[in-house]
Amino acid sequence: MKITAKAARKREGLSRYIRLGCPLTKSNSKWCYGMCKPVKGLGFCGRVAPHAIEGRTQKAIRLHKESKKADEKSCECERR
């Protein structure tokens, strides 16, 4: 019997059908549970965090609230 050498396998990344789950919940789901605090739009797993994406309506509400707080602070300073 002749012994043949094993062919070296090449790593080409992950297959398209493999799902990487959330490292916090150990879940193998397709969606994000939104449990981590995103940093610069990326979650703990390193992928884009959908709960970090802000639409134009959400952005307008946030800016309005920030401007309202700034106005309140300036009014308090003028009263003193």
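For the numbers below, each heavy atom of this structure counts, side chains included, while hydrogens, waters and symmetry mates do not.
The side chain to side chain contact (heavy atoms under 4.5 Å, CB included) check on Lys65 picks up Ile61, with sequence neighbours excluded. Under the side chain to side chain contact (heavy atoms under 4.5 Å, CB included) criterion, Gln58 pairs with Glu54, not counting sequence neighbours. In this view, Pro38 and Ala49, His51, Ala52 satisfy the side chain to side chain contact (heavy atoms under 4.5 Å, CB included) rule, not counting sequence neighbours. Legend: residues meeting side chain to side chain contact (heavy atoms under 4.5 Å, CB included) with Lys69, ordered by chain and number and at least two apart, are absent.
In this structure, Leu42 shares a hydrophobic cluster with Val48, Ile53, the cluster being traced through Ile, Leu, Val, Met, Phe, Trp and Tyr side chains under 4.5 angstrom apart.
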Next item on the list: Please step through salt bridge (Lys or Arg N to Asp or Glu O under 4.0 Å) for the pair Glu72 and Lys68, ending with a clear verdict.
Entry: CA-CA 6 Å; Glu72 288 176 4; Lys68 201 172 185 180; 5.7 Å; no
